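Heads up, the thing below is written out as structure tokens.
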Amino acid sequence: MPELPEVETIKRTLETKIPGLSFTGVEIFLPKIIKNPAPQEFSARLPGKEIKKLERKGKYLLIRLSENLVLIIHLRMTGRLVYSLPDTPVAPHTHVIFHLNNGCQLRYGDLRQFGQISLVPASDLASFPGLSSLGPDPFDPHFTREFFKRELKKRRTMLKPLLLDQSFVSGLGNIYADEVLYRARLHPRRQSHTLTPREASCLYRAIREVLQEAIANRGTSIRDYVDGNGNEGNYQNLLKVHDREGEPCLKCGRPIVRARLGGRGTYLCPHCQKS
DNA sequence: AAGAAGTCCTGGGCGC
DNA sequence: TGCGCCCAGGACTTCT
């Protein structure tokens with residue numbers, strides 16, 4: 001599941017390969033992946049556009065193009081974006097192939113077909129659904145500890161769903177929300193407005209530390225994730241609670257428990273994470 | 001109006 | 001053995 005660290009890693013790997021290149025064409029095998037404009041217009045508009053730079057906003061990957069256009073890519077759960085040599089066998093579930101003017105390709109694959117790709121004028125970014133309502137990036141200078149504490153008090157909901165709410169803070173998904181709460185020693189069901197200043201600070205620090213470490217380890221490959229070169233990350237070996245049901249807590253030795261919260265599988269240590 | 005629930009999708013795992 | 005049910009989950013839509 002590409003969350004912030006995975007999208008950041010894809011961005012960094014593609015950054016060394018594709019800026020300066022231009023699109024020569026695009027093959028769309030599954031039209032519904034192209035959200036807007038309509039697939040036909042999408043493939044008509046893209047050729048000739050040069051890749052200027054890559055950006056990440058939350059879990060969105062933005063590819064800035066010439067003529068003030070932006071390619072917006074969201075990988076959702078199983079999306080992959082891999083820079084490939086033309087003679088590499090096409091992986092199963094490849095839905096879109098972007099052809100580049102150096103003969104190489106950018107391939108979009110997505111087993112569950114939830115991901116979406118759009119091509120919009122840069123001036124439309126601010127009103128683009130999802131992007132426009134995005135909360136601050138955890139590494140944005142505006143995302144200060146004081147800001148976080150203020151926002152936390154405004155909400156009345158459980159911590160886990162709150163961390164997953166992209167309009168609250170952008171970039172966390174199911175894996176890192178579990179890891180963050182474990183590091184902060186806070187129970188996922190804890191109500192956000194009941195946190196003491198000390199606990200809120202701890203949560204703030206945990207968000208940045210966990211994401212930082214995950215980026216340093218090139219993301220988490222539990223099922224599908226690979227970076228822009230097709231390589232797996234390493235953070236799945238460093239997870240402390242997620243996907244570790246029944247295994248001993250690294251602090252207290254008691255078994256990690258899997259609960260269901262807000263319709264999502266949630267891993268925690270009930271002993272170390274107090275309600 | 002904010003929060004909760006339903007929706008999309010497919011391969012793998014499990015139960016009978 | 002083999003079929004088929006159900007689950008995973010990000011973010012948008014719909015409901016309360």
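Since the model is a prediction, treat every value here as computed from it, not as a measurement. Below, read A as the first sequence line, B as the second, and so on, with proteins coming before strands; counting in each chain starts at 1.
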Heavy-atom nearest nucleotide on DNA chain C for K35(A) versus G265(A): which residue maps closer to 5'? G265(A)
Taking the nucleotide of DNA chain C with the closest heavy atom to each, which residue, M77(A) or G130(A), is nearer the 5' end? M77(A)
Indicate, with a heavy-atom threshold strictly under 4.0 Å, whether Y60(A) touches base, sugar-phosphate, or nothing. sugar-phosphate
Over how many whole Å does the gap from F168(A) atom CZ to dG10(C) atom P extend? 17 Å
Would you indicate, yes or no, if dA11(C) has its OP1 or OP2 atom less than 4.0 angstrom from a side-chain nitrogen or oxygen of K59(A)? yes
Using five pairs at each end of the helix from dA2(B)-dT16(C) to dC16(B)-dG2(C) to define an axis, what is the angle between those two axes, to 10°? 60°
R260(A) side-chain N/O to dA8(C) phosphate OP1/OP2 under 4.0 Å: yes
May I have the distance from Q113(A) (atom CD) to dC9(B) (atom C1'), rounded to whole angstrom? 6 Å
Does K57(A), at its NZ atom, have more than 12 non-hydrogen atoms belonging to other residues, nucleotides or ligands within less than 6.0 Å? no
Under 5.5 Å between ring centres and under 30° between planes: does that hold for F114(A) against the base of dG10(C)? yes
Under a 4.0 Å N-O cut-off, is there an ion pair linking K160(A) with D178(A)? yes
Whole-Å gap separating P (dC8(B)) and CG (L111(A)): 18 Å
Does V96(A) share a hydrophobic cluster with V7(A), counting links as ILVMFWY side-chain heavy atoms below 4.5 Å and allowing steps through other members? yes
Separation of dG10(C) atom C1' from Y225(A) atom OH, nearest Å, is 17 Å
Taking only heavy atoms on the protein side, list every residue of residues 154-167 of chain A lying under 4.0 Å from any atom of DNA chain B, sorted numerically. R155(A), R156(A), T157(A)
Taking atom C1' of dC7(C) as reference, at what distance in whole Å does atom CD of E245(A) sit? 14 Å
Any side-chain N or O of H74(A) less than 4.0 Å from the OP1 or OP2 oxygen of dG10(C)? no
From R185(A), R190(A), K149(A), residue fulfilling side-chain hydrogen bond (donor to acceptor under 3.5 Å, both in side chains) relative to E199(A): R190(A)
Tracing side-chain links under 4.5 Å among I, L, V, M, F, W and Y, which residues wind up in one group with I256(A)? Y182(A), V241(A), L250(A), Y267(A)
Assess whether a salt bridge exists between K11(A) and E15(A), defined as any Lys/Arg side-chain N lying under 4.0 Å from an Asp/Glu carboxylate O. yes
Among R155(A), K154(A), K153(A), which residue meets the side-chain hydrogen bond (donor to acceptor under 3.5 Å, both in side chains) test with E151(A)? K154(A)
When you measure only distances, ignoring hydrogens and angles, does the side chain of R264(A) come within 3.5 Å of the base of dG10(C) through a donor and an acceptor? yes
How close or far is atom P of dG9(C) from atom OH of Y176(A), stated in whole angstroms? 14 Å
May I ask you to decide whether R12(A) forms a salt bridge with E8(A), counting only side-chain N to carboxylate O separations under 4.0 Å? yes
Round to a whole Å and report the spacing from CZ of R76(A) to C1' of dT7(B). 11 Å
When the ring centroid of H95(A) is compared with that of F29(A), is the distance short of 6.0 Å? no
Please determine whether a side-chain nitrogen or oxygen atom of K32(A) lies at a distance below 4.0 Å from atom OP1 or OP2 of dC9(B). yes
Return the value, rounded to whole Å, for the distance between atom CG of L134(A) and atom P of dG10(C). 14 Å
With a cut-off of 6.0 Å (strictly less than), are more than 12 heavy atoms of other residues, nucleotides or ligands near CD of Q40(A)? no
